[in-house]
J.: 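Please read through the structure below; I'll follow up with questions.
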Protein chains: 2
Amino acid sequence: MKKQKTRDHIVEAADQLFYQQGYEHTSFTDISDAVQISRGNFYYHFKTKDDILDAVISARMDKTRKMLAQWELDGSTPQGRIECFIRILITNRDKILNYGCPVGTLTTELAKLNHASREEANALFTLFRTWLEEQFILLGRSKDADDLAMHLLARSQGVATLASAFHDAKFIDQEVAQMCDWLNAYMPKE
Amino acid sequence: MKKQKTRDHIVEAADQLFYQQGYEHTSFTDISDAVQISRGNFYYHFKTKDDILDAVISARMDKTRKMLAQWELDGSTPQGRIECFIRILITNRDKILNYGCPVGTLTTELAKLNHASREEANALFTLFRTWLEEQFILLGRSKDADDLAMHLLARSQGVATLASAFHDAKFIDQEVAQMCDWLNAYMPKE
DNA sequence: GTCTATAAGTAGATAGAC
DNA sequence: GTCTATCTACTTATAGAC
């Protein structure tokens, strides 16, 4: 465990602010205000703003991997584990209503900016995609496991976008229930 | 018909650039380069950059209303008209692969910027939402017409986001086919 | 109506004191 | 490691000539 308190604080604050305000719209002043350091101090820890973004994406990758590993423990069946994925919409309901999906909004923004780290951000999607694919394979759907993974990713993504636009919590609950129904009706029974 | 050639050119170029690069990331220099006018000339036609955004949103509202009116003519049944909506994903496939959905990406960006015109952009979503709701009512689904409209909007939105992230045209075609199946299987036959 | 010149502010980034 | 002071580039916006 390295002692990098300030660096970690910067990454944590930048992570939140990039999510809430967008990457480009977040200035060094915003981050330094949040971390309570001077703007100059940044450059001891990072060379450029892009480097902070890379650190944020890397931190999100780690957090996501840990969450997926936890879901492996939480759900005893593939269905149960996929339900864990569907339910993040409810777990993070309030944040999603205000700021949308952290993965979708970042990849969308970086795509418009044609940013060098675009693909790194997309890897966050791939993490979920591959994990979901594995679960569908375990359900005996190896032929279309990736299609089902993409389908579910897209459904969640659309729900987050619309729920955020209309600030509609009920819509999230409704669609989550529908996705769970879809999962149980569409999949072979054990 | 007012003679406002330059003004219209500005709105048209801004519309494209806001879609391709995002609102904040697009500078007056970008727009003036596209229109081939000087930066100073802007302020004869618009007071602020926000005013250009409002004009762009207003133009998109007009274009959308005309498109919806055209779909009323193109489809003889509510099913057929809803299919027109589903198929915009295919009609605009190339643009969506590169820049996502113009409505979804704009509302998402303005939400993060906490921009004054956020609700004006959301009205674009509402235009589709209300129109779809009307079609589902005509199909005899007045009880859950709005839920169905929101469901379909979210599906399309998610498909656009994922297709853009992974630059996957096949995924669009696949999901469009599924949405059409859903529409025909789920809806009462005539 | 369109231009050039320029103001006023903010962005990311650097230098050097402590 | 953290600070202050500063630089350069770029942003929106204005003033005034043509």
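Values below: every heavy atom of this structure, side chains too, minus hydrogens, waters and symmetry copies.
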J.: Find the distance B/Ile10:CD1 to C/dC3:C1' and express it as a whole number of Å.
T.: 14 Å
J.: Within the 3.5 Å criterion, strictly below it, is a donor on A/Asp54 or A/Ser117 matched to an acceptor on the partner's side chain?
T.: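 A/Ser117 and A/Asp54 do have a side-chain donor-acceptor pair below 3.5 Å.
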J.: Given A/Phe18, which of A/Ile57, A/Thr105, A/Asp30, A/Ile31 fulfils the side chain to side chain contact (heavy atoms under 4.5 Å, CB included) condition?
T.: A/Ile31
J.: Looking only at atom types and distance, does a side-chain atom of B/Asp168 sit under 3.5 Å from a main-chain N or O of B/Ser164, one as donor and one as acceptor?
T.: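 Not at all, since once roles are kept as given, no pair shorter than 3.5 Å links the two residues.
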J.: Within this structure, what is the OH-to-C1' distance between B/Tyr44 and C/dG1, rounded to whole angstrom?
T.: 6 Å
J.: How does protein contact run along nucleotides 11-18 of chain C, one letter per nucleotide 5' to 3', with B for base contact, S for sugar-phosphate only, - for none, heavy atoms under 4.0 Å?
T.: SSBB----
J.: For the residue pair A/Asp147 / B/Gln174, report whether a side-chain donor-acceptor contact shorter than 3.5 Å exists.
T.: yes
J.: Rounded to whole angstrom units, what separation is found between the NE2 atom of B/His45 and the C1' atom of D/dA13?
T.: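 To the nearest whole Å, that distance equals 16 Å.
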J.: Verify, without hydrogens or angle tests, whether B/Lys112 (side chain) and A/Gly100 (backbone) share a donor-acceptor contact under 3.5 angstrom.
T.: no
J.: Does the side chain of B/Tyr43 come under 3.5 Å of the side chain of B/Asp51 through a donor N or O and an acceptor N or O?
T.: no
J.: Can you see if the side chain of B/Thr6 gets near the phosphate of C/dG1 - specifically, an N or O under 4.0 Å from OP1 or OP2?
T.: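 Checking B/Thr6 against C/dG1: no side-chain N or O falls below 4.0 Å of OP1 or OP2.
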